[in-house]
Amino acid sequence: MNGRCLKFDGNPIQDAISRIRFAPASNNLLISSWDTNLRLYDVDGSKLTFEASGNAELLDCCFQGEAAAFSTGSDCSITRYDLHSGTSKIFGNHDDLATCVEYSDETGQVITGGWDKKIKCWDSRSMKALTCVNTVSVAVESMSLSGYTAMVAVGSSVNMYDLRKFNTSYYSKRMDIQIKCIRPYLDQGFAAGSVEGRVALKYFNPSNQNNDGFAFRCIPKAMEKRHNMPAVNDIVFSPSTDGAFITGDNDGYVTIWNAQSKKRVFEMPKFENSIASLAYNCGGQLLAVASSYTYQEANELELPPRIYIHEMNDQHMSSFSAGGSKCNPRARIQSHQNQIASSVRRFHKNPNPSISTLSATFTLRHFLHQIICINFHNMSDEEHQFESKADAGASKTFPQQAGTIRKNGYIVIKNRACKVVEVSTSKTGKHGHAKCHFVAIDIFNGKKLEDIVPSSHNCDVPHVNRTDYQLIDISEDGFVSLLTESGGTKDDLKLPTDDTLLTQIKDGFAEGKDLVVTVMSAMGEEQICALKDIGPK
């Protein structure tokens with residue numbers, strides 16, 4: 001895979017790249033960045049053909065055909081650009097940062113999302129006509145279109161909307177991951193990348209209703225510390241190779257995966273910066289990689305952002321075929337839906353195929369290449385354990401972007417599980433360093449704690465659970481005996497320290513009432529937090 005770096009003579013990119021996109025029918029590359037500039041680069045001619053400067057950092061961009069483009073900015077604006085005349089004008093606004101923009105060729109609509117928790121639909125043909133607004137629970141992090149479907153990532157959920165009747169979502173799926181990016185898998189499903197380094201792929205119409213997709217940990221093979229899982233910043237699917245998709249992570253790794261065999265196919269050498277964005281051209285021959293610090297990173301002035309163009313040549317295609325070679329060759333000529341079902345069944349029955357399964361018709365060169373690829377894909381279960389819902393919630397905490405944490409939510413401060421009672425956010429600075437000031441109360445001891453975190457950084461959020469138990473007895477030393485659902489007893493909790501609740505429990509028990517206590521647990525601690533009186537014994 002050959003790569004070359006794009007040259008920007010005269011006015012190089014000065015700040016973090018937010019998004020790159022190839023044009024629908026040409027090799028023109030659209031680039032938005034935090035230096036307030038939107039650029040159009042002719043990859044074939046190796047020259048910059050358009051550049052427009054604004055007053056705010058650009059957070060996203062998209063094409064409207066070949067002749068126009070849209071961008072979203074940190075000043076909440078949506079701007080439309082005429083790429084031929086070089087003019088631009090404000091198209092619309094959000095009430096907070098406008099983070100996402102997409103254009104639908106099928107309907108002529110512009111779809112935008114922002115930190116104001118709104119998804120807006122605009123009619124581009126009548127200019128600035130706002131046709132519909134949907135409100136979601138948290139800020140919109142990522143958005144993609146596939147035909148008449150809009151896919152919107154909100155927190156850990158994916159909402160889908162029909163562009164022809166945009167007033168409400170027809171699909172909502174909780175993914176058990178904090179979503180960083182969402183991208184369509186043709187008309188068959190979608191892939192979601194997470195801030196904790198996982199990728200979840202979901203199918204719309206699975207051949208097996210018990211297997212509608214899978215998730216895996218996107219750990220670079222070159223990394224020795226497998227517990228370190230960098231955020232997946234972008235995902236792209238190959239237009240030319242069915243089932244191939246590429247991930248770019250926050251540690252600078254670009255990896256090609258096979259969705260059918262659930263295996264890594266190829267990993268590029270580590271880039272000097274984080275991978276901010278990826279883009280395929282319309283034919284799938286070129287892959288653009290934006291190697292750039294992200295706007296929340298501190299070392300932003302040390303390494304300049306760069307864009308590389310990689311040719312997806314015959315060697316890459318043979319590598320992808322090898323990655324899926326453990327599938328029965330006859331299955332590859334069946335429909336795509338049958339291929340998925342066949343690959344999944346074979347994976348569970350024989351995760352380590354022997355060399356004898358390779359076709360004898362390969363030449364010696366291809367045969368050796370197959371051996372290399374099989375050894376490359378024979379990764380440990382620890383590296384690619386496909387997760388169940390139970391696995392995803394087993395940790396004491398999970399990461400969540402600071403800017404999405406709201407009042408009455410939970411957060412970990414100084415290694416303590418806390419409930420947020422106040423949140424304030426500073427204005428976005430030159431490099432996007434908006435900061436969230438959290439005031440929170442420890443849920444177990446009631447102490448007030450504070451923390452300041454950049455809004456785009458991740459915070460640890462505790463898993464907080466509440467369980468009801470019937471109170472059986474209170475010992476002299478203050479321990480309680482509780483009846484569990486299985487009929488056993490739980491005897492390791494003491495009476496609460498809250499004076500009001502303590503008095504209610506002691507008085508109710510002394511009066512012979514039948515009491516049910518609620519036990520709150522988080523990060524390995526438990527405490528009685530509420531009381532229910534269900535009548536006399």
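With values rounded to the nearest 0.5 angstrom, Leu495 atom CG is found 5.0 Å from Ile474 atom CD1. Separating the NZ atom in Lys173 from the CG atom in Asn159 is a distance of 13.0 Å, to the nearest 0.5 Å. Distance check: Thr255 OG1 to Phe245 CZ gives 10.0 Å after rounding to the nearest 0.5 Å. Distance check: Arg19 CZ to Thr72 OG1 gives 9.5 Å after rounding to the nearest 0.5 Å.
No more than 12 heavy-atom neighbours from other residues, nucleotides or ligands sit within 6.0 angstrom of CG on Asn415. Within 6.0 Å of atom CG in Asp507, more than 12 heavy atoms from other residues, nucleotides or ligands are found, so the atom counts as buried in its surroundings.
Both the sub-6.0 Å distance and the 45° axial angle are not jointly satisfied by Lys202 relative to the ring of Phe190.
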Practice problem: Assess whether side chain to side chain contact (heavy atoms under 4.5 Å, CB included) is satisfied between Ile78 and Trp122, documenting all intermediate values. | Solution: CA-CA 11 Å; Ile78 302 105; Trp122 316 77; 3.9 Å; yes
Practice problem: Determine, step by step, whether Tyr308 and Phe271 satisfy the ring-ring contact (aromatic ring centres under 6.0 Å, His included) criterion, reporting the C-alpha distance in whole Å, the side-chain angles of both residues, the deciding distance to 0.1 Å, and the verdict. | Solution: CA-CA 10 Å; Tyr308 296 91; Phe271 287 81; 5.5 Å; yes
Exercise. Determine, step by step, whether Glu196 and Lys180 satisfy the salt bridge (Lys or Arg N to Asp or Glu O under 4.0 Å) criterion, reporting the C-alpha distance in whole Å, the side-chain angles of both residues, the deciding distance to 0.1 Å, and the verdict.
Key: CA-CA 9 Å; Glu196 65 268 30; Lys180 176 74 171 178; over 6 Å; no
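Judged purely by distance below 3.5 Å, without hydrogens or angles, the side chains of Ser481 and Asp491 pair a donor atom with an acceptor atom. Remark: the Ser88 side chain and the Thr79 side chain contain no N/O donor-acceptor pair separated by less than 3.5 Å.
Of the charged side-chain nitrogens involved, at least one lies within less than 4.0 Å of a carboxylate oxygen, so that Lys490 and Glu526 count as a salt-bridged pair. With salt bridges taken as basic N to acidic carboxylate O contacts below 4.0 Å, one links Arg21 and Glu102.
A centroid separation of less than 6.0 Å is found between the aromatic rings of Phe237 and Tyr185.
Relative orientation of the Phe91 and Phe70 rings is perpendicular, given thresholds of 30° and 60° on the angle between their planes.
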